[in-house]
Amino acid sequence: QVQLVESGGGLVQAGGSLRLSCSASARTFSIYSMGWFRQAPGKEREFVAAISRTGGSTQFADSVKGRFTISRDNAKNTVYLQMNSPKPEDTAVYSCAGSSLWISVKTYEYTYWGQGTQVTVSS
């Protein structure tokens, strides 16, 4: 069982920056690929970014490509989402998730989920 806890959410101005963190309880953190997903009010959860077990491979949704980066520190059991130049349309609850696959962009391929952290981008 892996427990994931997100932090770092809050209110940010458009064009600013924000870093989200996701801490995992498992000592086997490095065997999981990790992803960030988001869900805005009235919308379905959508993929944002993913990183492979070693951090060597990453994938991003087109909507955040070039603005967001994902990284991980396996020694700290933590994955990060750096949000640069956020836009009001990035406002959502952001959740991290863990998958046993090498890397995935699909919600249903993730087994473990955090509770989420709210990110609000003001214009």
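Hydrogens, waters and symmetry mates are skipped; everything else that's a heavy atom, side chains included, is used. We number each residue from 1, following the sequence as shown.
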Heavy-atom closest contact (V119 atom, G9 atom, distance): CG2-CA, 4.1 Å

Contacts table for residues 13-25: side-chain donor-acceptor under 3.5 angstrom, sequence neighbours left out:
| unit_1 | atom_1 | unit_2 | atom_2 | d |
| --- | --- | --- | --- | --- |
| S25 | OG | Q3 | N | 2.9 |

Passing option when T120 is tested against L11, D90, V12 for side chain to side chain contact (heavy atoms under 4.5 Å, CB included): L11

All pairs passing side chain to side chain donor-acceptor pair (under 3.5 Å) where residues 75-88 contributes a residue, at least two apart: Q82-N84

Closest heavy-atom pair and its distance - L101, S104: CD1-CB, 4.4 Å

Exercise: identify the closest heavy-atom pair between G98 and L4: N-CD1, 3.8 Å

Nearest non-hydrogen partners of F29 and N74, listed with the distance: CE2-OD1, 3.2 Å

Minimum side-chain heavy-atom gap Y110-M34 below 4.5 Å: no

Sidechain-backbone polar pair: T91 side chain, P88 backbone, donor-acceptor under 3.5 Å: yes

Other ILVMFWY residues reachable from V5 by side-chain steps of under 4.5 Å: none

Which residues share a side chain to side chain donor-acceptor pair (under 3.5 Å) with E89, sequence neighbours left out: none

Whichever hydrophobic residues join W102 through chains of side-chain contacts under 4.5 Å: I103

Validation row: R38, E46 side chains within 4.5 angstrom (heavy atoms): yes

Expected output: side-chain R53 to main-chain I31 donor-acceptor under 3.5 Å: yes

Those residues that, when tested against E109, pass salt bridge (charged side-chain N to carboxylate O under 4.0 Å, His left out) (two or more places apart): none

Non-hydrogen side-chain atoms of V79 and I70 separated by less than 4.5 Å: yes

Which residues share a side-chain contact (heavy atoms from CB on, under 4.5 Å) with K65, sequence neighbours left out: F60, D62

Qualifying residues under ring-ring contact (aromatic ring centres under 6.0 Å, His included), relative to Y112, sequence neighbours excluded: Y32

Interatomic spacing from CG in L81 to CZ in R72 - rounded to 0.5 Å: 13.5 Å

Residues clustered with Y108, ILVMFWY side-chain links under 4.5 angstrom: none

Residues in ring-ring contact (aromatic ring centres under 6.0 Å, His included) contact with F47, at least two apart in sequence or another chain: F37

Disulfide (SG to SG under 2.5 Å) contacts in which one or both residues fall within residues 35-85, not counting sequence neighbours: none

Pairs flagged by disulfide (SG to SG under 2.5 Å) wherever residues 33-78 is involved - sequence neighbours left out: none

Nearest heavy atoms of S33 and S52, plus distance in Å: CB-CA, 4.1 Å

Side chains of V64 and M83 in contact at under 4.5 Å (non-hydrogen atoms): no

Backbone N/O of S95 and side chain of R45: donor-acceptor pair under 3.5 Å: no

